[in-house]
Trainee: 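Starting off with a structure, shown below.
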Protein chains: 2
Amino acid sequence: MSNEVRLLRFLAQDMTQAELGKRVGLTRQTIAAIEQGRYSPSLDVAFRIAHLFGKRVDEVFHWQPGGAEGNVAANSDAG
Amino acid sequence: MSNEVRLLRFLAQDMTQAELGKRVGLTRQTIAAIEQGRYSPSLDVAFRIAHLFGKRVDEVFHWQPGGAEGNVAANSDAG
DNA sequence: ACGTAATGTCAAACAAAGCTGACATAATGT
DNA sequence: ACATTATGTCAGCTTTGTTTGACATTACGT
């Protein structure tokens, strides 16, 4: 799961990790870890970050299906 | 943080909690807890559920800013 | 050379997510 | 009456997100 947090932070007048953390209620270490993809944040944190930058969650965090999940909604006329 | 998981599950041919759990890699207890909003899932889980139903994360999970966050993107010409 | 700001990183602790196993209830089919 | 299925819920446990505190590096200003 990659993300655009670092880029968005630079675009927002070079906001620092500490500043971003303060605005969304996280520590700078947590921001750094998220930017590096060391773990994926909680949904709540993802919403707070996306909201701050005026983006949708899926615009900030890029997820790709990891295996053989399948997608129920595409099944109305399969074949 | 409310969500549409239960509704989407019914729309998907009355899929059970256990079946949904199996498809997204969670237990039925966890699905029940998420539906009831007892806690918000991880971002990864949110993506898996949304993807299964062919929706975006923000279409399935409804988040509302909880306090005095502010939004950096709306600040280009603030007054 | 010195101080300061921004970042990387680590270990220990804590909080919340998620699992396992169990028991209970309501609805269905036989 | 009995078994089965779907759901709610709880206690205890493991895993992972997050914090706190610390130390190191790089870049910038003086």
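Keep in mind the model is a prediction, meaning the values are calculated, not measured. Order of the sequence lines fixes the chain letters, A, B, ..., with proteins taken first and strands second; residue numbering starts at 1 for each chain.
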Trainee: Rounded to the nearest angstrom, tell me the gap between atom CG in Asp44(A) and atom C1' in dA17(C).
Mentor: 13 Å
Trainee: Considering just the side-chain nitrogens and oxygens of Ser42(B), establish if one lies under 4.0 Å of OP1 or OP2 belonging to dG18(C).
Mentor: yes
Trainee: Go through residues 7-19 of chain A and report each residue with a non-hydrogen atom lying under 4.0 Å from DNA chain C, sorted by number.
Mentor: Arg9(A), Thr16(A), Gln17(A)
Trainee: For Arg48(B) and dA17(C), what is the distance between atoms CZ and C1' respectively, to the nearest whole Å?
Mentor: 12 Å
Trainee: Is there a side-chain contact between Glu4(A) and Glu59(A) (heavy atoms, below 4.5 Å)?
Mentor: no
Trainee: Is the closest side-chain heavy-atom distance between Arg48(B) and Asp44(B) below 4.5 Å?
Mentor: yes
Trainee: For Phe47(A), check ring-ring contact (aromatic ring centres under 6.0 Å, His included) against everything at least two apart and list the hits.
Mentor: Trp63(B)
Trainee: Measure NZ/Lys22(B) against P/dG18(C) and give the value in whole Å, please.
Mentor: 20 Å
Trainee: Please give the angle, rounded to 10 degrees, between the axes at the start and the end of the helix from dA1(C)-dT30(D) to dT30(C)-dA1(D), where five pairs define each axis.
Mentor: 30°
Trainee: With respect to Asn3(B), which candidate in Leu8(B), Ile49(B), Ile34(B) satisfies the side chain to side chain contact (heavy atoms under 4.5 Å, CB included) definition?
Mentor: Ile34(B)
Trainee: Heavy atoms of chain A, cut-off under 4.0 Å: which first and last nucleotide of DNA chain D, 5' to 3', fall inside that, if you could look?
Mentor: dG17(D) to dA22(D)
Trainee: Determine, for nucleotides 19-27 of chain C in 5'-to-3' order, which nucleotides have protein heavy atoms under 4.0 Å from the base (write B), from only the sugar-phosphate (write S), or from neither (write -).
Mentor: SBBB-----
Trainee: Can you list everything that forms a side chain to side chain donor-acceptor pair (under 3.5 Å) with Arg28(A)? Sequence neighbours excluded, please.
Mentor: none
Trainee: If I take atom CZ in residue Phe61(B) and atom P in nucleotide dA17(C), what distance separates them, rounded to the nearest angstrom?
Mentor: 12 Å
